[in-house]
Amino acid sequence: LVLEALDTGAWLAQGTGVTVRLGAVTPAEVTGDADALRRALRNLVENAVRYTPAGGTVELALLREKAAAALVVEDSGIGIEPADLERIFEPFVRLDEARSRASGGTGLGLAIARGIAVAHGGSLTVQSAPKAGSRFTLRLPLAIDMPARPS
């Protein structure tokens, strides 16, 4: 799923001046609806590309944490005000003119992504600061306790 999201991100970033790259990848297996998980990850990647200016980067990673897989989408984009960090997961919320309907989307992507995470027994969190980018982490329970493979 991470490699598919990387391909999607690279396609979306064509002509924007945004670089989409793959960070660390530790194999991890989760149980769930593959189409729903693709949609959640695609929503995160689309937002990262959309809100990252030319010259910026979007990086995807898959990390293994204790009993969870952490799918990370990190960007060097416009960031989010601290007071708005939880509001962004509410349906139809648009924070400012940079996130207007004219820029695309309906304001549902993050609400949908969080709903998919929760439906799979996981979570979706964000760390962000204005003008310093954002880091979204989709955590999902591991399917089995598989040993980490060397990179």
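These figures come from a predicted structure and were not determined experimentally. No hydrogens, no waters, no symmetry mates; every other heavy atom, side chains included, goes into these values.
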> Hydrophobic cluster membership, with links at side-chain heavy-atom distances under 4.5 Å among I/L/V/M/F/W/Y: are Val45 and Leu63 in one?
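No, separate clusters.
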> Under 4.5 Å between any side-chain heavy atoms of Thr57 and Thr52, yes or no?
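The answer is no, as the side chains (C-beta and beyond) never meet within the 4.5 Å cut-off.
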> Can you tell me how far apart CD1 (Ile78) and OG (Ser128) are? Round to the nearest 0.5 Å.
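Output value for this atom pair is 8.5 Å.
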> Shared ILVMFWY cluster between Val118 and Leu85, side chains joined below 4.5 angstrom?
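No, because Val118 and Leu85 fall into different hydrophobic clusters, even though each may have its own neighbours under 4.5 Å.
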> Arg21: which residues meet the salt bridge (Lys or Arg N to Asp or Glu O under 4.0 Å) condition with it, sequence neighbours left out?
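With sequence neighbours excluded, Arg21 shows a salt bridge (Lys or Arg N to Asp or Glu O under 4.0 Å) to Glu59, given in chain and number order.
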> Determine whether Arg39 and Ile112 satisfy the following criterion, side-chain contact (heavy atoms from CB on, under 4.5 Å), listing intermediate values before the conclusion.
CA-CA 8 Å; Arg39 183 173 185 182; Ile112 290 169; 3.3 Å; yes
> Could you report the tightest heavy-atom contact between Val126 and Phe89, atom names first, then the distance?
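Closest heavy-atom pair between Val126 and Phe89: CG1-CE1, 3.9 Å.
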> If I take atom CD from residue Glu74 and atom CZ from residue Phe136, how far apart are they, to the nearest 0.5 angstrom?
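That separation rounds to 11.0 Å.
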> Any chain of hydrophobic side-chain contacts (each under 4.5 Å) joining Leu3 to Val20?
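Looking at the clustering, Val20 is in the same group as Leu3.
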> Are more than 12 heavy atoms from other residues, nucleotides or ligands located less than 6.0 Å from atom CD of Glu65?
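Yes.
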> Carefully, step by step, assess Ile80 and Tyr51 under the rule side-chain contact (heavy atoms from CB on, under 4.5 Å).
CA-CA 10 Å; Ile80 304 162; Tyr51 299 119; over 6 Å; no
> Do any pairs count as a salt bridge (Lys or Arg N to Asp or Glu O under 4.0 Å) and have a residue in residues 112-132, sequence neighbours left out, and if so which ones?
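The answer is Glu86-Arg114.
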> Quick check for you: to the nearest 0.5 Å, what is the distance between Leu1 atom CG and Leu37 atom CG?
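The distance works out to 6.0 Å.
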> Can you tell me how far the CG atom of Leu124 sits from the OG1 atom of Thr137, to the nearest 0.5 Å?
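Atom-to-atom, Leu124:CG and Thr137:OG1 are 8.0 Å apart.
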> Taking atom CD1 of Ile116 and atom CG of Asp33, what is their separation to the nearest 0.5 Å?
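CG of Asp33 is found 8.0 Å from CD1 of Ile116.
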> If you compare all heavy atoms of Leu60 against all heavy atoms of Leu6, which two are closest, and at what distance to 0.1 Å?
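For Leu60 and Leu6, the tightest heavy-atom pair comes out as CD2-N, 3.7 Å.
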> Looking at OG1 of Thr125 and CZ of Arg139, how far apart are the two atoms once the value is rounded to the nearest 0.5 Å?
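It comes to 4.5 Å.
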> I would like to know whether Leu110 and Leu44 meet side-chain contact (heavy atoms from CB on, under 4.5 Å); could you show each step before the answer?
CA-CA 7 Å; Leu110 292 176; Leu44 297 176; 3.6 Å; yes
> Taking all non-hydrogen atoms of both residues, which atom of Gly77 and which atom of Pro53 are closest, and how far apart?
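Taking every non-hydrogen atom into account, CA-CD, 3.8 Å.
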> I need the minimum non-hydrogen distance between Ala69 and Leu62, along with the two atoms involved.
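Closest pair (atom of Ala69, atom of Leu62, distance): CB-CD1, 4.2 Å.
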> Kindly determine whether Arg50 and Thr16 satisfy side-chain contact (heavy atoms from CB on, under 4.5 Å), including the steps that lead there.
CA-CA 9 Å; Arg50 181 177 292 131; Thr16 67; over 6 Å; no
> For the residue pair His120 and Thr31, what are the closest heavy atoms and their distance?
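Taking every non-hydrogen atom into account, CD2-O, 3.8 Å.
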> Using a 3.5 Å distance criterion without hydrogens, assess whether the side chain of Asp75 forms a donor-acceptor pair with backbone atoms of Ser134.
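It does hold such a pair.
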> Is the shortest side-chain heavy-atom distance between Val30 and Pro141 below 4.5 Å?
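They are not in contact (no side-chain heavy atoms under 4.5 Å apart), so the answer is no.
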> With a 4.5 Å cut-off on side-chain heavy-atom distances among I, L, V, M, F, W and Y, is there a chain of contacts connecting Val2 to Val73?
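The answer is yes; both residues are in one hydrophobic cluster.
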